[in-house]
There are 2 protein chains.
Amino acid sequence: MKKKRPTLQDIADKVGATKMTVSRCLRAPDTVSEGLRERIFKAAEQVGYIPNRAPDLLSRATSHSIGVLVPSLTNQVFADVIVGIEAYTEPAGYYLMLSHYGYSPALEERSLASLLSYNVDGVILSDHNHTPRSLRMLETAGIPVVEIMDTHRQPLQQSVGYDNVKAAFDMVSAMIRRGRRQVVYLAVRLDERTQQREQGYRQAMEAHGLIPTTLHSTQRSSYSVGAALLEQVVINHPDTDGIFCTNDDVAVGAYFECQRRGIDVPGQMAIAGFHGHDIGQAMTPRLASVITPRQAIGKAAAKALLARIQGEPPAADIIDMGYTIETGGTL
Amino acid sequence: MKKKRPTLQDIADKVGATKMTVSRCLRAPDTVSEGLRERIFKAAEQVGYIPNRAPDLLSRATSHSIGVLVPSLTNQVFADVIVGIEAYTEPAGYYLMLSHYGYSPALEERSLASLLSYNVDGVILSDHNHTPRSLRMLETAGIPVVEIMDTHRQPLQQSVGYDNVKAAFDMVSAMIRRGRRQVVYLAVRLDERTQQREQGYRQAMEAHGLIPTTLHSTQRSSYSVGAALLEQVVINHPDTDGIFCTNDDVAVGAYFECQRRGIDVPGQMAIAGFHGHDIGQAMTPRLASVITPRQAIGKAAAKALLARIQGEPPAADIIDMGYTIETGGTL
DNA sequence: GATTTTCGTGTTACCGGTAACATAATAAAT
DNA sequence: ATTTATTATGTTACCGGTAACACGAAAATC
């Protein structure tokens with residue numbers, strides 16, 4: 001007894017034409033005679049016609065949609081990137097299919113299979129670490145792929161982002177230049193970018209003859225992890241005079257803990273974060289941070305992807321969007 | 001010259017069977033003889049077969065996907081809700097199609113059309129304010145709809161959330177009970193929930209014979225807007241002794257501004273937020289806030305939606321997930 | 001050994017748009 | 001007035017899975 005949703009045929013029946021004519025009328029109204037046109041539009045309105053992409057998707061294997069895989073949606077970094085992507089895809093008439101995989105390559109594989117099963121025309125990936133089957137699927141799908149948030153490694157096809165190693169190196173160098181000697185790196189989780197930042201940190205420390213120290217937490221990033229890591233710094237590395245945090249959440253959490261413990265920032269302790277989130281920029285003192293152009297990265301990635309979907313050759317393998325070192329008030 | 005992606009027929013050709021047998025083999029391996037089964041799996045592996053949902057979507061008009069419309073992805077509130085939704089849909093094998101519409105009903109209409117054109121089996125909406133065409137589309141699509149984040153108004157079909165009016169009333173009442181008399185409401189943007197909270201705020205104030213005052217900002221919510229609003233409070237309403245903020249971002253921004261101005265919190269100024277975000281819970285003093293069960297709401301909404309997609313009658317029109325008043329250290 | 005059941009596989013048709021081609025009607029050109 | 005171009009509409013086939021049904025062969029039952 002359930003009514004199924006109206007089709008072109010339903011409209012055609014109402015006006016005494018074929019669905020082909022209706023199809024034409026809806027897509028290019030002036031190829032249809034005026035009287036009929038009006039009746040078709042009225043009928044479409046009456047039955048409440050909703051376009052259906054399924055046939056298109058099946059017959060042309062083009063969906064006018066692109067897949068976006070991010071590790072986490074609650075991570076502000078990727079939320080910003082998505083906004084940037086959509087700023088480009090939406091006006092272009094492309095639909096975004098989002099998935100997140102919680103930093104797990106196995107889940108990424110599942111999500112990717114799902115996206116591809118919907119015949120997305122291209123995908124944007126946020127990691128370099130893919131399962132063999134993921135790589136295989138991308139290959140046989142034969143669609144353009146853009147990787148984001150890293151320009152350090154050779155991309156599958158094309159990447160848009162910034163150099164995490166260099167950014168970390170620059171920030172830590174700035175800290176050292178300002179007289180810090182015992183700078184500790186605070187890391188959470190073990191994703192690739194965390195490690196790349198550690199690499200940059202190490203390079204900077206070693207370039208100045210200083211000994212690098214990293215404190216890891218296996219938990220996911222949060223303010224409280226930042227606080228907990230700072231506690232560890234105080235207990236296990238009491239002569240630390242600066243911390244470089246893998247992101248702003250950790251940095252802000254550490255800052256709060258400094259406040260609670262009466263540690264003067266930046267007097268006794270310099271703090272630097274990564275990404276330049278609102279919270280760090282709004283607090284006083286302003287948090288030193290590597291400001292990454294997340295929305296711009298999303299936009300550029302979408303632009304590069306759509307260009308290739310439309311058949312243009314890739315402009316460049318690696319598109320570096322750079323970053324800005326904000327020294328704020330905590331160095 | 002581009003190779004198209006492999007189909008069941010390609011596998012069938014390789015093993016000398018029909019695509020029907022291959023289809024069966026992949027979905028129910030033990031209905032196919034052992035020898036053939038092995039050859040099919042090998043061939044599938046070889047050609048790199050990727051499942052294709054398009055035919056299913058076309059012939060059965062069921063996509064095993066649900067549409068989720070949220071006003072904003074960068075808003076932590078909705079990011080949390082989405083995580084909750086996915087926690088339920090992912091194990092159930094449903095795919096999530098996300099869209100955001102920037103608090104604009106017109107954009108919501110576009111996004112909704114897009115979702116429906118992909119034949120989603122159900123939708124989760126985050127607002128009550130829909131265009132007539134949106135309502136019409138939902139009607140003709142004939143799919144289950146669940147609205148989230150509000151239980152105050154009568155839902156289209158079913159809603160999952162909490163009562164914004166009552167929550168605001170409770171929080172403001174708590175402030176008054178602790179001796180605050182000049183409580184100002186800080187609002188951003190003019191979405192429905194902001195107004196509902198204002199309503200609750202007014203009711204609480206009036207119930208105690210106090211005069212409600214609202215300060216609006218038309219900008220989108222951010223820490224800096226919170227700071228700017230607090231500045232207005234100080235200038236235009238100098239005898240204010242408490243602020244109730246429409247969300248935690250504004251509250252934290254206002255708190256930072258108090259710090260900068262040397263206003264003692266909570267001594268001179270009580271501050272309360274809404275939603276109980278990490279940042280407020282991590283700072284010292286802990287921010288008073290209405291803690292909303294966002295993930296639980298997402299999960300319950302997904303559960304209710306899937307149940308109805310699978311033909312069960314709705315358990316209840318309105319599912320109230322409640323909230324918790326956290327008085328923290330800023331009251 | 002004849003009948004029935006089970007099992008493995010094949011055949012056909014369908015979903016709903018639209019590209020490609022065909023056709024009828026009218027207008028323009030010669 | 002005849003040919004040619006133009007316009008408006010119709011016909012057919014297709015995309016890739018799978019439900020529904022058909023069928024032959026082997027296994028089980030009597």
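Computed from heavy atoms alone, side chains included, the values below leave out hydrogens, waters and symmetry copies. Lettering follows sequence order; numbering is per chain, from 1. The shown structure was predicted, so the numbers you read here are calculated from the model rather than taken from an experiment.
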*When you look at CZ of R110(B), are more than 12 heavy atoms from neighbouring residues, nucleotides or ligands closer to it than 6.0 Å?*
no
*Between L8(A) and A17(B), just flag the one whose closest nucleotide in DNA chain C comes earlier from the 5' side.*
A17(B)
_Is a donor from one side chain sitting under 3.5 angstrom from an acceptor on the other, for S114(A) and S111(A)?_
no
*So where does chain A start and stop touching DNA chain C, 5' to 3', when the test is distance under 4.0 Å to a non-hydrogen atom?*
dG16(C) to dA20(C)
*Who passes side chain to side chain contact (heavy atoms under 4.5 Å, CB included) against N52(B), sequence neighbours left out?*
N119(A), R5(B), A54(B), P55(B)
*To the nearest 0.5 Å, how far apart are CD in E108(A) and CG in L125(A)?*
5.5 Å
*State the CD1-CG distance between I50(A) and L116(B), to the nearest 0.5 angstrom.*
5.0 Å
*Hey, can you pull the residues of residues 43-54 of chain A with a non-hydrogen atom under 4.0 angstrom from DNA chain C?*
Y49(A), N52(A)
*asked:* Give the residues of residues 20-35 of chain A touching DNA chain C, defined as any heavy atom closer than 4.0 Å, sorted by residue number.
replied: M20(A), S23(A), R27(A)
_Check ion pair R153(B)-E192(B) (N to O, under 4.0 angstrom)_ = yes
*Is the shortest side-chain N to carboxylate O distance from D127(B) to R193(B) below 4.0 Å?*
yes
*Go through R133(A) and T131(A) one step at a time and tell me if the side-chain hydrogen bond (donor to acceptor under 3.5 Å, both in side chains) criterion holds.*
CA-CA 5 Å; R133(A) 204 169 92 83; T131(A) 66; over 6 Å; no
Cut-off 3.5 Å, no hydrogens considered: what does the side-chain donor-acceptor table look like for residues 298-313 of chain B, sequence neighbours left out?
residue, atom, partner, partner atom, Å
R308(B), NH1, V145(B), O, 3.1
R308(B), NH1, Q158(B), OE1, 2.7
R308(B), NH2, Q157(B), OE1, 2.1

*When you match K19(A) and L36(A) each to their closest nucleotide on DNA chain D, which lands nearer the 5' end?*
L36(A)
*Which pairs, with at least one residue in residues 89-112 of chain A and sequence neighbours excluded, count as a ring-ring contact (aromatic ring centres under 6.0 Å, His included)?*
H64(A)-Y94(A), Y95(A)-Y118(B)
